[in-house]
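What follows is a short report on a single structure.
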Amino acid sequence: MRVLVTGGAGFIGSHVVAELTGRGHEPVVFDLAADGRDVRDPDAVERALAGVDAVCHQAARVGLGKDFGDAPGYVSANDLGTAVLLAGMARARVPRLLLAGSMVVYGEGRYACPAHGTVRPGPRAETDLRAGRFEPRCPVCGADLAPGLVTEDAPADPRNVYATTKLAQEHLAASWARATGGHVVSLRYHNVYGPGMPRDTPYAGVAALFTSSLARGEAPRVFEDGGQRRDFVHVRDVAAANALALEALAPAGTGAEAGVGSGPPAGFTAYNVGSGDPRTVGDMAAALAAACGGPAPVVTGEYRLGDVRHITADSARLRHELGWRPAVPFAAGMAELATRPAEPGCSVSPGAPNPVRSTSC
């Protein structure tokens with residue numbers, strides 16, 4: 001199967017390319033940082049789509065950024081870029097899309113109140129955050145809540161600009177599928193980490209920030225109280241999920257693996273991609289510091305508006321329907337990350353106003 005991989009020179013994209021190659025497919029890399037080709041350029045997209053069977057869309061601007069002034073750049077890179085790509089796919093009649101989605105579309109995760117069952121707390125108030133009250137409360141009675149696992153049918157509730165653009169990408173892809181009869185799988189990545197992560201950039205994820213601090217001999221700075229629950233999933237496991245999903249979308253005779261079922265139906269299907277082993281942000285910082293013999297983490301009590309408290313995945317659908325299983329346990333992955341530091345921040349083409357990076361969550 002010949003697969004166009006946008007963002008194929010980036011963090012996740014490069015691992016997807018390696019995984020596809022190892023499984024006998026033919027990935028075609030399309031990447032702004034590598035060769036100056038931008039998914040917002042219709043002519044470049046048209047040339048890149050020639051002769052491909054599917055598209056694996058990893059290119060995106062990621063992270064919370066610095067402030068709301070970043071919003072036009074996020075919308076341009078993520079949503080305009082996706083729209084241009086999908087229009088090109090419609091013209092070229094490329095019928096299969098694997099989209100790098102994100103758990104951020106859910107907002108806060110799943111919570112249960114002892115009295116009111118499953119509830120959805122609203123955004124956390126800055127007055128509570130300033131006072132060190134980080135846990136969401138029941139919106140009905142104010143009681144403490146127990147966090148749980150989020151399934152793909154949970155309502156979307158994006159709470160920052162990046163999250164809003166990731167949800168818009170899904171809506172655009174679903175509209176394209178309805179209009180063309182195409183197939184879309186969105187893999188909603190949870191917190192992806194591993195070798196090749198970008199660092200020293202405001203768009204990096206928390207794992208990259210911690211490893212950057214430790215590489216400088218500094219203690220990792222853990223926001224809030226360190227109790228934020230996340231699902232940290234290794235990039236090689238994410239790459240394997242991409243390959244399995246693409247093979248499930250492929251018709252017979254295009255290199256699909258034997259044993260894969262009929263695959264997702266035409267239209268839009270979402271899958272959570274998480275390790276199934278939730279940990280706290282404090283756990284990650286402590287594991288990285290211990291693995292490299294660095295200074296112990298410092299819990300600062302700082303916070304960022306737009307961050308959610310707990311978000312962890314239920315990846316049962318991906319496991320049951322596509323047979324995916326994560327292979328890298330938390331301790332081994334942290335040890336590898338500590339000994340193989342993140343890469344410097346992504347380079348971009350001179351003059352590029354909105355750098356497009358391979359998505360990290």
Main-chain N/O of Asn78 paired with Arg61 side-chain donor or acceptor, under 3.5 Å: no
Please step through side-chain contact (heavy atoms from CB on, under 4.5 Å) for the pair Glu19 and His25, ending with a clear verdict. CA-CA 9 Å; Glu19 180 73 17; His25 302 293; over 6 Å; no
Kindly say whether Val150 contributes a backbone atom to a donor-acceptor pair with the side chain of Asn272 at under 3.5 angstrom? yes
Would you please say whether a donor-acceptor pair under 3.5 Å links the side chains of Ser76 and Arg40? yes
Ignoring hydrogens, what is the shortest heavy-atom contact between Glu170 and Ser186? Give both atom names and the distance. OE2-OG, 2.7 Å
Between Arg124 and Tyr303, a side-chain donor and acceptor under 3.5 Å: no
Heavy-atom donor-acceptor pair, Asp38 side chain to Asp41 backbone, under 3.5 Å: no
Closer than 3.5 angstrom, by distance alone: can the side chain of Asp277 be matched with the main-chain N or O of Pro329 as a donor-acceptor pair? no
According to the interplanar angle, ranging from 0 to 90°, do the rings of Phe232 and Tyr193 count as parallel (below 30°), tilted (30 to 60°) or perpendicular (above 60°)? perpendicular
Between Asp283 and Arg229, does any side-chain N to carboxylate O distance fall below 4.0 Å? no
Side chains of Tyr189 and Gln58: donor-acceptor distance under 3.5 Å anywhere? yes
Salt bridge (Lys or Arg N to Asp or Glu O under 4.0 Å) between Arg309 and Glu135, worked out: CA-CA 7 Å; Arg309 179 62 175 175; Glu135 293 289 344; 3.0 Å; yes
Among residues at least two apart in sequence or on other chains, which ones pass side-chain hydrogen bond (donor to acceptor under 3.5 Å, both in side chains) with His234? Glu336
Minimum heavy-atom separation for Ala143 to Cys113, with atom names? CB-SG, 4.3 Å
Assess, by modelled atom type and distance only, whether the side chains of Asp307 and Gln228 contain a donor and an acceptor separated by less than 3.5 Å. no
For Ser275, the side-chain hydrogen bond (donor to acceptor under 3.5 Å, both in side chains) test, sequence neighbours excluded, returns Asp231
Can you list everything that forms a side-chain hydrogen bond (donor to acceptor under 3.5 Å, both in side chains) with Asp67? Sequence neighbours excluded, please. none
Just by distance, no angles: are the side chains of Thr82 and Asp79 close enough, under 3.5 Å, to form a donor-acceptor pair? no
Less than 4.0 Å between a side-chain N and a carboxylate O, is that true for Arg137 and Asp144? yes
Can you confirm whether the side chains of Ser175 and Arg178 place a donor and an acceptor under 3.5 Å from each other? yes
